[in-house]
Amino acid sequence: MLYFTSYNARAYALKESNFDDCQSFVKAMLVKHENEGYTSANSINIGRLLPQIVYYYYTYLTLVNRGVIHLGDLIDVVVPTGNFGDIFAGYLAKKMGLPIDKLVVASNKNRILTDFFTNGRYDLHREFMKTNSPSMDILISSNLERLMYFLYEDDKKVSLLMKDLKEKKVFEIEEEKLKELQKTFAAYCCDEEETRETIKDCYEKHHYVLDPHSAVSYRCASLYHLPKTNHHVISIATASPLKFAKTIAESLDIPYEDDISTLYRIVDKTGVVIPPALKKILSCKVPQEKISKDEVEEEIFAKHSFVVKAPATSANLGPGFDVLGLAVKLYNSFKFEVSDKDELLGFAKEFTNENNLVLIAYQKAFRNLGLEPLKVKITQVENNIPLEGGLGSSSSCIVAGLLGANAILHHHYCLEELYELAIDLEGHPDNVAPCLFGGLVANVKDDKNVYHHGQYPVCSCLKFVLVTPKESVRTSEARKVLPESYPLKDVTFNLSRLAMLPLALEKGDLDLLYTLLQDRVHVPYRKSLIHDYDLFESLAKKEHLPFTISGSGSTMLYIVKDENSLLNRLKELKTTYEFKVAVVSMDEDGATIKKESDYE
């Protein structure tokens with residue numbers, strides 16, 4: 001339910017609905033949007049019949065090759081069905097010459113097909129049952145209309161039958177037509193208790209775990225087999241039993257807690273192998289989408305534009321070089337719209353090319369999935385984070401590009417996956433992590449080169465005063481001035497402060513933060529690159545305020561509870577160069593994305 005196959009394929013849960021509701025909606029939308037390239041992957045799509053026809057031939061030829069039957073021998077096939085697609089494929093295989101004698105319809109408590117092939121009356125005036133074989137919980141079987149066409153070879157007659165079904169909720173075929181169908185079709189059904197009994201019986205006798213749909217088929221095959229036929233009877237299986245953990249657990253007397261833990265109990269007891277596709281679903285952290293009937297068309301078919309708001313960050317926080325960062329309420333914003341060509345609007349001229357970091361990140365999200373990126377128009381809406389100022393301007397671009405792509409990809413990625421992609425682009429985590437997650441974030445890389453992050457609370461009483469000189473410091477230059485190794489005393493100095501820094505930030509203890517924000521790993525080496533640094537540092541010492549370089553500079557950061565006194569002192573400073581001051585609080589949410597219409 002949570003796994004995506006491409007940028008334009010994702011699963012939704014339709015609230016307070018059943019299969020018939022979903023199928024009716026899909027049919028209506030395929031007609032309404034027929035020129036927009038949409039299709040269905042279920043039995044509505046006649047193309048699905050092609051691979052289904054193939055496995056009837058494959059099964060028959062396998063039996064021949066194994067010496068079970070001789071070429072030309074008749075077989076009977078029992079098919080669990082609700083939408084009548086799989087069994088209709090068997091019918092087409094028979095018409096193409098495959099030696100099938102009887103096709104046996106296997107139904108659950110929603111036995112509308114069993115009744116139809118028994119009395120020729122397709123009657124919707126009945127209760128819809130939710131059973132333990134949910135894919136067969138269907139009352140409107142799409143492919144039956146196709147069978148009716150072969151039965152009558154008269155499209156007008158079929159249209160009248162379908163009109164009766166829509167308007168009167170019932171249609172009926174003539175006695176001679178029913179007898180004609182019964183030459184090919186038989187029909188049986190079983191209830192939920194019989195389904196569970198069949199799963200248990202098959203496992204105990206053959207050590208084979210049937211899923212509930214296959215169990216319906218297996219049960220109906222036993223009802224049909226003797227004395228109805230002397231042919232070999234094939235029972236069609238449909239799915240992994242691990243998709244139906246509760247029913248399997250009930251059938252095999254396995255304690256049930258929840259689907260995931262019970263699934264692994266089933267594996268331990270029976271040895272059933274988890275299919276690769278199911279493993280992907282189990283590892284996917286993307287939340288399930290639940291939408292109402294009224295919302296679904298707008299959600300799926302509307303052409304939305306999205307706005308990403310990405311916060312500035314202060315990385316290398318105090319002694320937390322390359323591991324600790326903080327998101328603050330200063331933002332860059334970007335709008336994303338699918339277009340017929342790549343466009344970059346609102347950016348400085350030097351960033352309106354293929355080297356634009358927002359565009360690069362956007363395209364990476366697609367290419368990481370093996371997809372060609374959709375063309376996009378990206379507009380810079382807000383530009384409040386200074387370039388090369390030590391406030392994570394590049395991280396805001398990377399995170400925004402990934403989130404914009406993810407929205408267009410119908411939220412294929414979870415935040416943890418976007419975190420990994422962002423680090424891959426940025427090269428280190430201490431800016432992208434707080435930009436993405438918000439708050440105070442620590443990062444660590446394990447011995448398998450996998451990054452992990454943790455968030456810490458910060459007292460809401462704290463404010464951060466950002467001082468940014470007019471002259472910036474290139475990150476590449478700031479990296480060059482760092483030594484290749486450090487004295488042990490300097491490393492110990494930093495570690496002792498880093499260990500207590502999150503606690504002091506949570507308490508809002510300015511006196512302790514004054515000590516803990518001191519650093520010997522990067523600040524002593526980079527301060528020479530920042531104009532008038534000594535003046536700002538002297539002010540911090542005089543006022544006894546926590547102070548450090550933000551990121552790699554040139555922005556410097558003070559932590560205060562009341563900014564007024566500091567702002568007055570900053571105005572009095574006799575600096576050589578101009579500087580800007582911003583007073584911000586911590587951003588707790590990280591980058592956000594909304595449909596542009598939600599801002600209206």
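Counting all heavy atoms, side chain and backbone alike, Asn108 lies closest to Cys189 at O-CB, 3.7 Å. In plain terms, the two heavy atoms of Pro80 and Ser217 that are nearest each other are CD-CB, 3.4 Å. What you find for Gly90 and Leu103 is that their closest heavy atoms are C-CD1, 3.9 Å. Nearest heavy atom pair, residue His213 against residue Ser135, reads NE2-N, 2.9 Å. Taking each heavy atom of Ala407 and Ile593 in turn, the nearest pair found is CB-CD1, 3.4 Å. Scanning all heavy atoms of the two residues, the minimum distance from Ile236 to Val77 falls at CG1-CG1, 3.7 Å.
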Could you walk me through whether Arg121 and Val170 pass the side chain to side chain contact (heavy atoms under 4.5 Å, CB included) test, one step at a time? CA-CA 7 Å; Arg121 183 178 174 85; Val170 63; 3.7 Å; yes
Evaluation steps, side chain to side chain contact (heavy atoms under 4.5 Å, CB included), between Tyr56 and Ile234: CA-CA 10 Å; Tyr56 283 92; Ile234 309 302; over 6 Å; no
Using salt bridge (Lys or Arg N to Asp or Glu O under 4.0 Å), reason through Arg196 and Glu193 one step at a time and then give a plain yes or no. CA-CA 5 Å; Arg196 286 189 288 267; Glu193 183 57 36; 3.0 Å; yes
Could you go through Ser107 and Ile112, starting from their C-alpha distance and side-chain angles, then the distance that decides it, and tell me whether this counts as side chain to side chain contact (heavy atoms under 4.5 Å, CB included)? CA-CA 8 Å; Ser107 299; Ile112 191 168; over 6 Å; no
Would Ile274 and Leu278 satisfy side chain to side chain contact (heavy atoms under 4.5 Å, CB included), going step by step from the backbone distance to the final call? CA-CA 7 Å; Ile274 302 177; Leu278 185 54; 4.1 Å; yes
Evaluate the ring pair (Phe, Tyr, Trp, His ring centres under 6.0 Å) criterion for residues Phe117 and Phe84: first the C-alpha distance (whole Å), next the side-chain angles of each, then the deciding distance (0.1 Å), finally the verdict. CA-CA 12 Å; Phe117 284 101; Phe84 206 73; 5.8 Å; yes
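At distances below 3.5 Å, at least one donor-acceptor pair connects side-chain atoms of Thr114 with backbone N or O atoms of Tyr188. Looking only at distances, a side-chain donor or acceptor of Tyr60 sits under 3.5 Å from a matching main-chain atom of Gly72. At distances below 3.5 Å, at least one donor-acceptor pair connects side-chain atoms of Ser339 with backbone N or O atoms of Lys341. Lys94 places a side-chain N or O within 3.5 Å of a backbone atom of Asp101 that can act as its donor or acceptor partner. Judged purely by atom type and a 3.5 angstrom limit, Asp201 has no side-chain atom pairing as donor or acceptor with the backbone of Glu197. Between the Gln455 side chain and the Phe437 main chain, a donor and an acceptor come within less than 3.5 Å of each other. With Thr184 contributing its side chain and Lys102 its backbone, the two residues share no donor-acceptor pair below 3.5 Å. Under the 3.5 Å distance criterion, the side-chain polar atoms of Thr262 are matched with a main-chain donor or acceptor of Glu257. Side chain of Glu420 to main chain of Glu417: no donor-acceptor pair is present (N/O by atom type, distance under 3.5 Å, no hydrogens or angles).
By the neighbour-count criterion of 12 heavy atoms within 6.0 Å, atom CD of Glu250 is densely surrounded, having more than that number from other residues, nucleotides or ligands. Crowding of Lys269 atom NZ: a count of heavy atoms from other residues, nucleotides or ligands under 6.0 Å exceeding 12. The 12-atom threshold is exceeded at NZ of Lys27, counting heavy atoms of other residues, nucleotides or ligands nearer than 6.0 Å. A 6.0 Å sphere centred on NZ of Lys163 holds no more than 12 heavy atoms belonging to other residues, nucleotides or ligands. The environment of OH in Tyr152 is crowded: more than 12 heavy-atom neighbours from other residues, nucleotides or ligands sit within 6.0 Å. Shown here is Tyr264, whose OH atom has no more than 12 heavy atoms of other residues, nucleotides or ligands within 6.0 Å. The environment of Lys243 atom NZ is sparse: at most 12 non-hydrogen atoms of other residues, nucleotides or ligands sit within 6.0 angstrom. No more than 12 heavy atoms of other residues, nucleotides or ligands sit less than 6.0 Å from atom CD of Glu145.
With salt bridges taken as basic N to acidic carboxylate O contacts below 4.0 Å, none links Glu176 and Lys179.
Here the side chains of Val376 and Asp342 are in contact, with some heavy-atom distance below 4.5 Å. Contact check for Leu374 versus Tyr362: side-chain heavy atoms found under the 4.5 Å cut-off. The side-chain heavy atoms of Leu144 and Phe116, taken from C-beta on, include a pair separated by under 4.5 Å. Counting heavy atoms from C-beta on, the side chains of Lys594 and Val307 never come closer than 4.5 Å. No side-chain heavy atom of Arg111 sits less than 4.5 Å from a side-chain heavy atom of Val105. Side-chain contact between Met129 and Glu192 is absent, with no heavy-atom pair separated by less than 4.5 Å. A heavy-atom distance below 4.5 Å is not found between the side chains of Arg146 and Tyr91. Side chains of Leu161 and Lys157 form a contact here, defined as non-hydrogen atoms less than 4.5 Å apart.
Side-chain N/O atoms of Thr81 and Asp86 include no donor and acceptor closer than 3.5 Å. Checked by atom type, the side-chain pair Asn83/Asn143 shows no donor-acceptor distance below 3.5 Å. Checking Asn368 against Tyr413 by side-chain atom types alone, a donor-acceptor pair falls below 3.5 Å.
In this structure, Thr238 OG1 and Leu210 CG are separated by 9.5 Å, a value rounded to the nearest 0.5 Å. Expressed to the nearest 0.5 Å, how far NE2 of His232 lies from CG of Asp73 amounts to 8.5 Å. For the atom pair Ile423 CD1 and Leu418 CG, the distance stands at 11.0 Å (nearest 0.5 Å). A distance of 6.5 Å separates CD in Glu372 from NZ in Lys375, rounded to the nearest 0.5 Å. Rounding to the nearest 0.5 Å places NZ of Lys177 at 9.5 Å from CE of Met148. To the nearest 0.5 angstrom, Lys130 atom NZ is 11.5 Å from Asn110 atom CG.
Side-chain rings of Phe171 and Tyr122 approach one another, their centers coming within less than 6.0 Å.
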